Colleague: 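Have a look at the structure that comes next, please.
Bear in mind that the values here come from a model prediction, so they are computed numbers and not experimental data. Chain naming here is simple, since letters A, B, ... match the order of the sequence lines and numbering starts at 1 in each. Reckoned from all heavy atoms, side chains included, excluding hydrogens, waters and symmetry mates.
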Amino acid sequence: MPEIKVTPLGAGQDVGRSCILVSIGGKNIMLDCGMHMGYNDDRRFPDFSYITQNGRLTDFLDCVIISHFHLDHCGALPYMSEMVGYDGPIYMTHPTKAICPILLEDFRKITVDKKGETNFFTSQMIKDCMKKVIPLNLHQTVQVDDELEIKAYYAGHVLGAAMVHIKVGSESVVYTGDYNLTPDRHLGAAWIDKCRPDILISESTYATTIRDSKRCRERDFLKKVHESVERGGKVLIPVFALGRAQELCILLETFWERMNLKAPIYFSTGLTEKANHYYKLFITWTNQKIRKTFVQRNMFEFKHIKAFDRSYADNPGPMVVFATPGMLHAGQSLQIFKKWAGNEKNMVIMPGYCVQGTIGHKILNGQRKLEMEGRATLDVKLQVEYMSFSAHADAKGIMQLVRMAEPRSMLLVHGEAAKMEFLKGKIEQEFSIDCYMPANGETATVTTNPSVPVDISLNLLKREMALGGPLPDPKKPRAMHGTLIMKENSMKLVSSEQALKELGLNEHQLRFTCRVQLQDPHSDSDTLHRIYSHLKSVLKDYTIQHLPDGTVMVESIVIKVSSSAEDANTKVLLLSWSYQDEDLGSYLSSLLKKGLPT
Amino acid sequence: MAAHLKKRVYEEFTRVVQIPHEEAPAKKLRLSKPSKSAALHIDLCKAANSTDALQYLLQFARKPVEAESVEGVIRILLEHYYKETDNSVRLKIASLLGLLSKTKGFNPDCVVDDVINTLGNEKSHQVLAQLLDTLLVIGTQLPEGAAVRRRLVEVACKLLSDTYFGVRNKCLQLLGCLGMVDAPLGKDGEGPSSSIGGVRDVPNIISNYFTDQEPRVRTAALKAMLQLHERGMKIHQIIYEQACRLLSDDYEQVRSAAVQMVWVLSQLYPESIVPIPSSNEEIRLVDDAFGKISHMISDGSWMVRVQAAKTLGSMLQVSPHFLEQTLDKKLMSDLRRKRTAHERAKELFASGEFSSGRKWADDAPKERLNSNTVNLIASGACGAFVHGLEDEMFEVRIAAVEALCQLARSSPSFAEKCLDFLVDMFNDEIEEVRLQSIHVLREISTHITLREDQLDTVLAVLEDSSRDIREALHELLCYTNVSTKECIQLALLDLLKNLNKYPTDRNSVWKCLKFLGSRHPTLVLPLVPELLSTHPYFDTPEPDMDDPAYIAVLVLVFNAAKSCPTMPALFSDHTFRHYAYLRDSLSHLVPPLRLLGRKQVYSLDSLDSGCGSGSVESAKLFLQQSLNRVSTIQNLETPGAPDLLNFTIRDLQRLGELQTELAGAADFCATYLRCQLLLMKALQDKLWNMAVPLCLKQNVTATAAAQQILEETYKLEFLYSGLESRQVATVHHVRLQAKALQLVLTARSRPGMDLLISSCEKFLQEIECFQRMFLTQLPHLQDSFVDKLLELMPRLSSCKPVELVKILQTTLRQSGLLQLRLPEQIHRATATIIEPTGESDNPLRFTSGLVVALDIDATLEHVQDPQDKVKVQRVLKASAKM
């Protein structure tokens, strides 16, 4: 039995550095190639030595697919392709291809220029890496090689996020990447058709959460921001440059416009402008509202939101600042946070998930004293609010996707082990399908039951259709006669005559004959005639012939009558039929054994 | 609501009532008849190959064929059909047959046999499908032909086993449209055996195809079943299970049709009991169906989602448990079981398995419950509307909002529950959705009371830049109940903010406050000192009377004071003065108050109360009396008549101002009397006794009077609604008099003979016209001008123009005043343009030849059918730059 093997190198019972290896039908595919936000050492990147100890990866991988541009899904890409070595195709959608290098470059700058790390990938490496990328369109089937084909579906989550359907022969896997089934202010909802994959590899960030309606969330968010600004406080919203940031920007922008508020909104510069540019361009990837109205006004052209400058952080008066990165682990958001943490009028709103080990995670868990570098401590006085804006599917969303795709088995990644366990139980119970949740380095093996294609000759098919009564009768299965020929890796179903011809064999006839004794005082020919009329009255739908040579033919069954030697009243009937007519023949013999009606 | 509309009324003044006498004889058609089929025949014979033939047929299809020649054409087509070998040509012929059968006045009975015969010999599946389509058309054209129908159904049943989906599709369609509705229903016990004997069990046959391999056939089968239902056949409950299975079909059109099917069944058998699979419990069918359709709100295809959302709204019989589930996402376990096992289920909900995502780290899984008590996905109705309301497509959201509205109207408790969700929808990103949810909230507002936080969200929308939204919201506030005085204050503040931001909303805001005040007098009472900024010891400065915001506050307070007698005690002096002023200037917004011990307003008050309840009666009486008084004027020559008329007109006008209910009637009478007065003056003695050259000046005034009367009569006829034909006759009568006057005046000015003759003829026509139009009213016009003229009619039509004029002149002067009888209700149509005002400082610039949009805000009253009756005329001043 063929198998599909799935091995997470990252994101197995964990969030961060998504990297999943799939072996399907003899092909090896790497899904995502991300980095971990929580670590600064070697654990930052997936362990590629799992694939091969030395040498390049090109020989071992058929393709790499990147689901979206978040660093935990693409951060290790230049490292893998340029430093470890991989020259094969890398697939990603158009927006991802456009935005990904900006983020990688930013990441590189922070790590190399700020932290002074060496042995890191360079700008040139990012460029070289991006040259290997082949862009994908939604719902476009791309043939990687003769057997392997991939197809992208819309995933919501961030601009350009995609789910991929990977198919080799009749086996298939769907990898969701990160996805979102509730549409937001700038993106639509994930959608997939009923592709019935063998495995659905799904993220499970919010495996135990069912979120409130998003409108409540939006209202709460706006209310908190509004109140804080009216109090004269400063609001810090740590975001990743792309994704949630744009949604929240649109939200605040429309709110400011409607409420006619004056407090400034800043967005930490750098990536933003470039990225916003791409958001303006990839309108087709956004939601219904933006797609419909962009002709009048592109929603991403903000009126109230201005670029942030470092010096603004000390300005008096209320303001709202979006700053990167989103988990408060480094960069500008952390700097601003340090400046504002001491004032209880201020507020920080964490709009998304925070990985363990980041400051975001710590303050959300209620820590009020933080240890910073150099043994300094920081008192956290400002209000900390959490608002689940991160665009991952919640438990119900995951279930909904399972219902949409109808997979044969399920595999959870990108989530915490305990929560996965919970969801796993639910899925197994609801859909009665197998659910796996391998840890990093563990391999989950799924046996598939592939359908074997058989060619059927058209003649045979037509003949069968002509034969059997009203077609199609959906309620009954139909049996057909034919011969299966297995020859040179292919199978075909042909009629027996053709099979004989092809194999150069002679046909053998098989006939059953049977004698039936009958008490009948009439002459032979009379008996025959009586049999004829009897059968005629019983078998209405069959052709029954009385032939002049003293036989009765029922279809192809021959009936002859002869008197027995001893007793002229005892007639011996001779029935003969070929094995194809076995049903009718045995029926006739039993019928005639009962005797003729008087 | 203000509408940007055009006013047509004025245009109609110039409309000449003319009834076309003869219609063009339809002679031409005869001539072309024989050539039609013949030409087709020739064309088809000429066609060298199938492409040409197809071209001819296509051309032929574009022209209409008259009923008489249809049969011939069909014969020719059929003839060619038998000969034709090309599939596409046969297909076209088949479709033409169907097209021709639809011709009015043609009985397609005779074609049926031919078409059925051709079916037997046809090999091409596409042509077969088309032929069936033709049969379907023919069948629907013959509603009475039961025998034909039976034959067609037989044919369809036979062809159902075709391998081509199109043929099966058409067969099912045919069965759906023509299947015997009146077939004996007792047959169901016998099952398929009945299909052998003549009458076939059509629903059973159709339901066999619910599981066809082809999705289009499945859809057709479902649709055929729905069609049968629409035609009144009783559908059996057996297919419910099958329909439910189709809800999870792979194809959206099947799912969409299945949703409809399930809905139909749930309406037919709401109370029957169905088992829940995988358990031994049972629930009502309508609840089960509701759960299943709710489930479809999270379908993959938005068409299905819209369908499901729409459908949910009409399932009013559903039990409250299920209904309330739709708004709760967190109730993830199956509520079906809750019904039968309350205790177990309650525990489950209390444990709160899932976190809401609002708080950090509250999503650690709690103790795992026994796994078979929790049923996540099949829970159906759970959170259906939560999903629907935050759907990606606004079509789904609107459908969900509408469904919510329908359900909430029939269930007050549900209305209370869905309030939060509706209020949330006010922040939707698409304006249509926002508007719709505001309207919906208004519709269910009788069931609900808004809490402060909800009101807060509602009021935030007042700042919306769209006027439609704001007005809808004002209207909503008119009908809303609020719970506390803070709410009133909040509402007032926000409305004032709104007024400040968008001054054009003035009228709408005032109106809104009027209702808000009169609905919540007790809540306004404690706010009064603050609102009027009175102080127990100090006199506060008198507010500016022209400030719209101050007026708004006063409107609120006065309306509240109407049903709260203690309130006026809190008013300061200037408030009373302002009351008097506003009562006069904005009488529609400020109600009459009973202000005891207030001398200066008391007089006004008494006058007001006089105008109150009983006053309408007395005013009516007065109106009638005035009319009676006028009717004493028998002749136009009666001395003192002009004075009487003058006074009466003045009285009536004043009455109209005072009594808004009677304004229309009073105005109508006054205008009518003015016409009479004008006529009277024009016919005054001395003018007519003088020689023509001497009275040129009078002649001019008389001409002007005639002109004016004409104008007024048109106004009388078209500007007022509620006129009966008697009044119309009276008005027309006056107009006729005016026309007679015109004719006489024309004659006096001695025009050319031709002109005179033609105008005489025209006048005679008018009389005839009048007679035709108001034949039934003539008895009421005894002794009037027309009556007399009609008596003289034979003479008039034969005499010379000069003589005619003479007769007219005398009759005019002798005829009496026609008494006006008032109908029940007369309203005068009015339009007031509020925006733009004429005196704008910044003129609108536009490029000539290009379109420029101009927003017009106008109030229309008593205009019937404003959508297409109102027009706006724009006058460009000469100075305007072009």
Side-chain angles (χ1 to χ4, degrees), chain A residues 181-183 185 188-189 191-194 206-220 222 250 254 257-260 287-289 292 350 354 364-365 384 386-388 394-396 399-400 402-404 418-419 421-422 425-427 429-431 465 469-475, chain B residues 160-163 168 208-214 248 250 295 298-301 329-330 332 353-365 368 371-372 374-378 382-383 386-387 389-395 420-421 423-425 427-430 457 460-461 463-465 501:
Chain A
L181 278 157
T182 27
R185 290 270 165 170
W191 182 85
I192 196 164
D193 55 22
K194 250 182 211 172
Y206 288 105
T208 55
T209 306
I210 292 179
R211 272 177 307 207
D212 269 348
S213 110
K214 74 166 182 186
R215 287 174 209 286
C216 298
R217 263 179 283 153
E218 284 176 3
R219 206 180 51 196
D220 278 2
L222 293 173
I250 287 188
T254 40
E257 198 155 298
R258 277 171 70 176
M259 303 299 280
N260 203 12
N287 73 3
Q288 193 191 18
K289 156 91 176 171
K292 274 185 145 185
M350 307 295 299
C354 286
L364 280 175
N365 280 334
V384 180
Y386 170 68
M387 195 66 60
S388 173
D394 61 0
K396 202 163 183 188
M399 295 301 218
Q400 203 181 325
V402 176
R403 213 160 60 90
M404 267 198 214
K419 297 181 183 174
E421 194 72 47
F422 175 81
K426 295 277 179 206
I427 290 172
Q429 174 205 336
E430 285 297 334
F431 300 102
M465 292 222 316
L471 242 184
D473 187 355
K475 289 192 178 154
Chain B
L160 263 178
S161 55
D162 197 277
T163 51
R168 273 177 285 157
N208 280 344
Y209 285 81
F210 282 179
T211 44
D212 195 275
Q213 56 187 352
E214 168 67 46
S248 52
D250 282 11
H295 206 40
S298 47
D299 191 87
S301 145
K329 236 174 138 185
K330 262 160 286 176
M332 282 298 274
E353 260 193 293
F354 286 100
S355 80
S356 66
R358 281 213 218 181
K359 285 214 175 72
W360 172 252
D362 67 345
D363 49 354
R368 186 93 69 88
S371 61
N372 61 16
V374 187
N375 187 358
L376 262 177
I377 283 304
C382 249
V386 182
H387 280 290
L389 290 178
E390 55 184 48
D391 196 275
E392 183 184 3
M393 312 298 286
F394 83 94
E395 291 90 344
D420 271 324
F421 292 89
V423 169
D424 276 346
M425 291 309 283
N427 285 325
D428 195 275
E429 52 197 357
I430 301 227
T457 324
V461 187
E463 304 199 19
D464 202 294
S465 52
K501 203 165 171 183

Colleague: Which heavy-atom pair separates B/E390 from A/T182 by the least distance, and what is that distance?
Modeller: OE2-CG2, 2.9 Å
Colleague: What part of A/K194 gets within 4.5 angstrom of chain B, counting heavy atoms only: side chain, backbone, both, or neither?
Modeller: side chain
Colleague: Is it the case that A/R403 and B/S298 place a side-chain donor and acceptor less than 3.5 Å from each other?
Modeller: yes
Colleague: Tell me the closest heavy-atom pair linking A/Q288 and B/F394, and the distance in Å.
Modeller: OE1-N, 2.8 Å
Colleague: Can you tell me how far the CG atom of B/D299 sits from the CE atom of A/M404, to the nearest 0.5 Å?
Modeller: 8.0 Å
Colleague: Could you check which of B/I430, B/D428, B/D391, B/D250 has the highest count of heavy-atom pairs closer than 4.5 Å to chain A?
Modeller: B/D250
Colleague: Report yes or no: does B/E392 contribute a side-chain atom to a donor-acceptor pair with the main-chain N or O of A/N287 at less than 3.5 Å?
Modeller: no
